[in-house]
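One is the number of the first residue; the rest follow in order along the sequence.
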Amino acid sequence: MSGLTDHALAELDSIRSQGLFKAERTIDSPQNTSIRLANSSHVVNLCANNYLGLADHPDIVQAARDALDRWGYGMASVRFICGTQSVHHTLEQRISSFLGTDDTILYSSCFDANGGLFETLLSEQDAIISDQLNHASIIDGIRLCKAQRYRYRNNDMTDLEQQLQAAQGCRNRLIATDGVFSMDGDIGALPQLTELAEKYGAIMMVDDAHGEGVLGKGGRGIVDHFGLHGKVDVEVGTMSKAFGVVGGIVAGKAVIIEWLRQRGRPFLFSSAMTVPDAAACLTAVDLLEDSTQLVDKLWDNAKYFKAEMKRLGFNTGVTETPIT
């Protein structure tokens, strides 16, 4: 143990010396655009994923409170034993309708969704071709899978096609991309990606954690943004960003979702999403379906912010989304 402790201390010292040590900012107020910190100071918050301001929306807070009074809190089980309440199925159906997919499966987080996706669907006979700038959850999910791994340069369709050709001998090939790349705010080239997927008979997967609630009509995501319904086999997402709550989803073809229900380890061996969380998520979907006002306001704010930053001489990079 002393050897491990010494190694950990050396690693922490290295992290600090490189200026990479991550200190938590402790907030002492609801998540909002202006927040109070634990030291009683007030700051403007420009780094949250609370795109639509739903994290403290009164309707969502009330929905969680009402669900708590009706169902209690803890689920005490995984979904397939005794952890499924009617609200879980209702939420899955509503998300499917919202996104325009056959079916949806809920996870405790988007990281769990990606953690269980690849190893369930693919084996050593298959191949994954992944964008080099994909999110860490995709990278870790791929590491758990026995499929052969290929990587293509960010949004480089020529390189992707070369990787697809190199993987032609595999039984199944899956292309994995972020919908919105969370560091720079640029968008995955989904029209070209789906064309190549169709040309080479590959499965098309997109992680749209930063696109759902942001892109598309009323926040229906990157698939809707490009009008590619039916062209994407698997859509991974989160309820913890634009929707303001917590949880992960995989939506897509019905047979794939059923396969994940039967074999996906994070679904089979993790406690179900709590009912207050599920009820809050349902209300978030209601708000987006009822009006495009929140999404429209987000884009107005983003365009104004970027225009003013550029006017002041700042370079806002390649962003095509509110991420700046």
Side-chain angles (χ1 to χ4, degrees), residues 15-58 60 110 131-138 153-156 177-192 206-222 224-226 237-245 284 287-288 291-324:
I15 291 170
R16 288 189 180 93
S17 67
Q18 296 175 68
L20 299 176
F21 190 83
K22 291 169 283 294
E24 296 180 31
R25 299 171 175 87
T26 306
I27 300 171
D28 197 32
S29 69
Q31 186 69 254
N32 208 310
T33 53
S34 178
I35 53 178
R36 183 180 66 252
L37 303 185
N39 63 6
S40 297
S41 64
H42 287 75
V43 296
V44 174
N45 182 10
L46 292 174
C47 60
N49 295 316
N50 189 23
Y51 291 111
L52 305 177
L54 294 182
D56 67 336
H57 193 286
I60 289 178
C110 188
D131 191 292
Q132 66 176 5
L133 295 186
N134 277 341
H135 189 265
S137 60
I138 296 177
R153 290 187 295 272
N154 178 233
N155 266 343
D156 187 328
T177 184
D178 276 0
V180 176
F181 293 95
S182 59
M183 292 296 98
D184 294 323
D186 52 328
I187 298 174
L190 206 58
Q192 296 93 323
V206 60
D207 181 328
D208 204 27
H210 287 274
E212 292 160 357
V214 175
L215 297 172
K217 181 182 177 182
R220 284 167 173 79
I222 191 170
D224 187 80
H225 174 75
F226 285 117
T238 183
M239 306 304 290
S240 67
K241 292 181 171 60
F243 292 93
V245 193
L287 289 167
L288 266 66
S291 171
T292 65
Q293 181 180 357
L294 291 172
V295 179
D296 295 341
K297 181 64 173 175
L298 166 68
W299 280 97
D300 287 344
N301 288 345
K303 289 172 184 176
Y304 172 76
F305 177 74
K306 284 189 274 194
E308 290 299 300
M309 292 299 286
K310 288 178 180 177
R311 187 178 65 82
L312 291 171
F314 289 93
N315 177 4
T316 59
V318 298
T319 177
E320 304 167 74
T321 61
I323 295 171
T324 307

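With sequence neighbours excluded, the residues satisfying side chain to side chain contact (heavy atoms under 4.5 Å, CB included) with Arg311 are Glu308. For Gln192, the side chain to side chain contact (heavy atoms under 4.5 Å, CB included) test picks out Met157, Ala189, with sequence neighbours left out.
Between the NZ atom in Lys310 and the NZ atom in Lys306 there is a gap of 7.0 Å [rounded to 0.5 Å]. Separating the CZ atom in Phe181 from the OG1 atom in Thr319 is a distance of 13.0 Å, to the nearest 0.5 Å. Between atom CZ of residue Arg220 and atom OG1 of residue Thr292 there is a gap of 9.5 Å, rounded to the nearest 0.5 Å. Considering CG of Asn154 and CE of Met183, their distance stands at 12.5 Å, rounded to 0.5 Å. In this structure, CD1 in Ile187 is found 9.5 Å from CG in Asn155, a value given to the nearest 0.5 Å.
Minimum heavy-atom separation, Ala284 to Phe243: CB-O, 3.4 Å. Between Asp28 and Leu37, the closest heavy-atom pair is CB-O, 3.8 Å. In terms of heavy-atom proximity, Glu212 sits nearest to Gly237 at OE1-CA, 3.3 Å. Residues Arg36 and Ser29 come closest through the heavy atom pair N-OG, 3.0 Å.
A donor-acceptor contact shorter than 3.5 Å links the side chain of Asp224 to the backbone of Lys217. A side-chain donor-acceptor contact under 3.5 Å links Thr321 to the backbone of Gly185. Remark: the backbone N or O of Ser41 is paired with a side-chain donor or acceptor of Asn39 at under 3.5 angstrom. In this structure, Asn134 contributes its side chain and Asp178 its backbone to a donor-acceptor pair below 3.5 Å. Counting only distance, with no hydrogens or angles, the side chain of Trp299 and the backbone of Pro322 share no donor-acceptor pair below 3.5 Å.
Inter-residue side-chain proximity for Asp207 and Cys110 is flagged as met; some heavy-atom pair is nearer than 4.5 Å. Using a 4.5 Å heavy-atom threshold, the side chains of Leu52 and Leu288 count as touching. Residues Tyr51 and Asn301 form no side-chain contact, since every pair of their non-hydrogen atoms from C-beta on lies 4.5 Å or further apart. At least one side-chain heavy atom of His210 sits under 4.5 Å from a side-chain heavy atom of Ile323.
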Checking Val180 against Ile222 for the side chain to side chain contact (heavy atoms under 4.5 Å, CB included) test, could you report, in this order, the C-alpha distance in whole Å, the side-chain angles of both residues, the deciding distance, and whether it holds?
CA-CA 8 Å; Val180 176; Ile222 191 170; 5.5 Å; no

Given the rule in the side chain to side chain contact (heavy atoms under 4.5 Å, CB included) test, do His57 and Leu287 qualify, once you have shown the distances and angles that lead to the verdict?
CA-CA 10 Å; His57 193 286; Leu287 289 167; 3.9 Å; yes

Side chain to side chain contact (heavy atoms under 4.5 Å, CB included) assessment of Asn49 paired with Thr238
CA-CA 11 Å; Asn49 295 316; Thr238 183; over 6 Å; no

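Within 6.0 Å of atom CD in Glu320, more than 12 heavy atoms from other residues, nucleotides or ligands are found, so the atom counts as buried in its surroundings.
Put simply, the residue from Asn50, Ile27, Asn45, Asp56 that forms a side-chain contact (heavy atoms from CB on, under 4.5 Å) with Asn32 is Asp56.
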